[in-house]
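Both backbone and side-chain heavy atoms feed into the values below; hydrogens, waters and symmetry mates do not. Just so it is clear, the model here is predicted, and its values are computed rather than measured.
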Amino acid sequence: MTEKYEKCLDRIAKSFDELVKVQKRELKILEDSHRLAVHNYELNVKAKAEAEELNKKIQAQVEAAEKEMAEWSQSNQKKST
């Protein structure tokens, strides 16, 4: 009877060992997923900042072009009169 219990306990111990291995793999996957999510977030923040900077430059160029067009239009009106 003792041998039967020992075999049962061995199977339980092996099952727990396998469970620990699986949980360690799952933990590694979660850690990798978290690391990738953080990296992705950092890239998105950087891309957003770069896009905002480019938008500011474009807006400045548009304003300068509009100002130049207004000045050109005024000078043409003066020449016409």
Side-chain angles (χ1 to χ4, degrees):
M1 197 58 118
T2 304
E3 188 176 318
K4 187 175 184 180
Y5 288 125
E6 285 178 7
K7 286 182 180 180
C8 185
L9 289 174
D10 284 343
R11 285 197 310 267
I12 292 171
K14 286 179 183 177
S15 294
F16 274 113
D17 286 343
E18 190 60 32
L19 178 63
V20 168
K21 288 178 187 176
V22 169
Q23 288 178 335
K24 284 182 180 179
R25 282 188 295 229
E26 288 175 348
L27 179 60
K28 174 139 179 39
I29 290 169
L30 288 173
E31 288 171 342
D32 290 345
S33 295
H34 177 262
R35 182 180 46 79
L36 290 172
V38 168
H39 181 69
N40 189 36
Y41 173 79
E42 290 170 347
L43 289 175
N44 285 337
V45 168
K46 182 180 176 184
K48 182 181 177 193
E50 290 173 356
E52 288 173 352
E53 186 63 32
L54 288 173
N55 283 338
K56 286 179 186 177
K57 288 179 182 179
I58 291 169
Q59 186 62 36
Q61 289 176 347
V62 167
E63 289 171 1
E66 287 175 345
K67 182 180 177 184
E68 188 177 329
M69 287 171 47
E71 290 171 357
W72 181 78
S73 178
Q74 283 180 343
S75 71
N76 278 346
Q77 286 178 353
K78 288 180 184 176
K79 289 180 184 176
S80 298
T81 57

Beyond-backbone contact of [X] with [Y], side-chain heavy atoms, under 4.5 angstrom:
X	Y	value
Gln59	Glu63	yes
Val22	Arg25	yes
Cys8	Arg11	yes

Starting at [atom1] of [X], measure out to [atom2] of [Y] and round the result to the nearest 0.5 Å.
X	Y	atom1	atom2	answer
Glu71	Glu66	CD	CD	12.5 Å
Ile12	Leu19	CD1	CG	13.0 Å
Lys28	Ser33	NZ	OG	10.0 Å
Ile29	Lys24	CD1	NZ	14.5 Å
Glu53	Glu50	CD	CD	9.5 Å
Lys48	Asn55	NZ	CG	11.5 Å

What I want to find out is whether Asp17 reaches Lys21 closely enough, with some N-O distance under 4.0 Å, to be called a salt bridge. no

With a 4.0 Å cut-off, would you call Glu31 and Arg35 a salt bridge? no

